[in-house]
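Contents: one structure, followed by commentary.
Numbers here simply count residues along the sequence, with the first being 1.
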Amino acid sequence: MKRVAIILAVVLAGFFVFRACGTSPEEASEGTVKEFISAIKDGDGREAVKLLYPPFRDALVQDLKLPLQLTEMKPSEMLACVLSSMGENIKKVKVLDVKAIDDKHGEVIVKVIDKSGTEKILVFITIKDEKRWKIASISNVK
């Protein structure tokens with residue numbers, strides 16, 4: 001019985017390693033961006049914050065410019081609240097283009113339409129850290 005369990009564990013581990021290695025930067029980048037936008041649309045800012053590359057997350061927190069004396073929340077929790085509220089206004093999201101910059105960076109271009117009909121084109125730059133792909137930058141295309 002132990003032998004069967006060991007073989008099953010090895011097969012499952014091999015499957016997940018193969019799956020992780022077989023994912024292209026394009027697929028991984030697009031998946032991360034879609035997961036991020038989905039979390040925002042669902043009002044789950046905490047999950048969205050987990051998908052941000054730490055230096056980018058910290059820069060966004062600094063941009064909030066809210067006095068910490070007014071709240072007992074951690075800065076990342078404040079960012080999560082802001083992201084959660086942003087999702088209420090999203091009507092439609094469409095991925096326009098995905099490309100690999102190199103083995104550890106990707107670019108995803110997304111069109112977001114809000115409930116008032118305003119369209120925005122956003123460029124997401126993703127980066128692969130030690131565990132998974134995360135969002136390192138979000139910018140508007142003008």
Side-chain angles (χ1 to χ4, degrees), residues 2 4-142:
K2 281 186 177 182
V4 172
I6 292 171
I7 291 172
L8 183 59
V10 169
V11 169
L12 286 174
F15 170 75
F16 288 116
V17 167
F18 177 74
R19 186 172 161 219
C21 293
T23 303
S24 71
E26 293 93 342
E27 292 171 326
S29 294
E30 183 176 2
T32 298
V33 170
K34 284 182 175 180
E35 189 177 345
F36 176 78
I37 292 171
S38 178
I40 290 174
K41 285 178 73 173
D42 294 342
D44 195 352
R46 288 181 185 202
E47 286 303 312
V49 168
K50 291 178 186 176
L51 295 169
L52 298 175
Y53 190 57
F56 180 56
R57 178 201 60 219
D58 296 343
L60 289 175
V61 166
Q62 292 297 318
D63 286 344
L64 288 177
K65 295 181 179 143
L66 295 174
L68 292 177
Q69 297 85 350
L70 297 178
T71 180
E72 292 184 14
M73 286 192 277
K74 295 179 184 175
S76 61
E77 290 174 333
M78 289 189 319
L79 179 59
C81 288
V82 170
L83 291 173
S84 293
S85 66
M86 290 173 65
E88 297 171 1
N89 197 32
I90 296 174
K91 180 178 179 181
K92 185 176 180 182
V93 177
K94 181 179 180 184
V95 175
L96 299 177
D97 191 30
V98 180
K99 65 181 175 183
I101 296 171
D102 57 37
D103 290 345
K104 294 193 177 215
H105 297 87
E107 179 184 76
V108 181
I109 301 173
V110 176
K111 181 189 336 185
V112 178
I113 302 172
D114 66 19
K115 291 183 179 175
S116 68
T118 304
E119 293 183 6
K120 292 182 183 176
I121 306 294
L122 302 174
V123 178
F124 291 80
I125 302 297
T126 60
I127 186 169
K128 185 176 183 184
D129 70 2
E130 62 276 351
K131 295 181 183 178
R132 63 173 298 171
W133 287 80
K134 295 198 175 183
I135 297 169
S137 170
I138 304 170
S139 59
N140 286 321
V141 173
K142 296 183 183 197

Give the intermediate values and the outcome of side-chain contact (heavy atoms from CB on, under 4.5 Å) for residues Ile90 and Ile40. CA-CA 9 Å; Ile90 296 174; Ile40 290 174; 4.1 Å; yes

Given Thr126 and Phe36, is the side-chain contact (heavy atoms from CB on, under 4.5 Å) satisfied, shown in steps? CA-CA 11 Å; Thr126 60; Phe36 176 78; over 6 Å; no

Tell me, with the steps shown, if Val95 and Asp97 meet side-chain contact (heavy atoms from CB on, under 4.5 Å). CA-CA 6 Å; Val95 175; Asp97 191 30; over 6 Å; no

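With sequence neighbours left out, the salt bridge (charged side-chain N to carboxylate O under 4.0 Å, His left out) criterion links Lys99 to Glu107. In this structure, the side-chain contact (heavy atoms from CB on, under 4.5 Å) partners of Thr118, at least two apart in sequence or on a different chain, are Asp114, Ser116. In terms of the salt bridge (charged side-chain N to carboxylate O under 4.0 Å, His left out) criterion, residue partners of Lys50 (sequence neighbours excluded) are, by chain and number, Glu47. Not a single salt bridge (charged side-chain N to carboxylate O under 4.0 Å, His left out) links Lys91 to another residue, sequence neighbours left out. Residues satisfying the side-chain contact (heavy atoms from CB on, under 4.5 Å) test with Ile127, not counting sequence neighbours, are Tyr53, His105, Ala136. Residues meeting the side chain to side chain donor-acceptor pair (under 3.5 Å) test with Lys34, sequence neighbours left out: Glu30. Contacts of Glu119 classified as side chain to side chain donor-acceptor pair (under 3.5 Å), with partners at least two apart in sequence or in another chain: none. Listed by chain and number, the residues in a side-chain contact (heavy atoms from CB on, under 4.5 Å) with Leu96 are Lys94, Ile109, Lys111, Ile121 (sequence neighbours excluded). In this structure, the salt bridge (charged side-chain N to carboxylate O under 4.0 Å, His left out) partners of Asp129, at least two apart in sequence or on a different chain, are Lys134.
Considering all non-hydrogen atoms of both residues, Trp133 and Gly106 come closest at CZ3-N, 3.9 Å. Closest approach of Phe56 to Ile138, counting heavy atoms only: CZ-N, 3.5 Å. When every heavy atom of Pro25 is checked against every heavy atom of Ala100, the shortest pair comes out as CB-CB, 3.8 Å.
Expressed to the nearest 0.5 Å, how far CD of Glu26 lies from CD1 of Ile101 amounts to 10.5 Å. Here CD1 of Ile135 is found 7.0 Å from OG1 of Thr32. Values are rounded to the nearest 0.5 Å. Taking CD of Glu35 as the reference point, atom CG of Asp42 lies at 11.0 Å (rounded to 0.5 Å).
Counting heavy atoms of neighbouring residues, nucleotides and ligands inside a 6.0 Å radius, atom CG of Asn140 exceeds 12 of them.
Side-chain atoms of Lys115 come within 3.5 Å of backbone N or O of Glu88 as a donor-acceptor pair.
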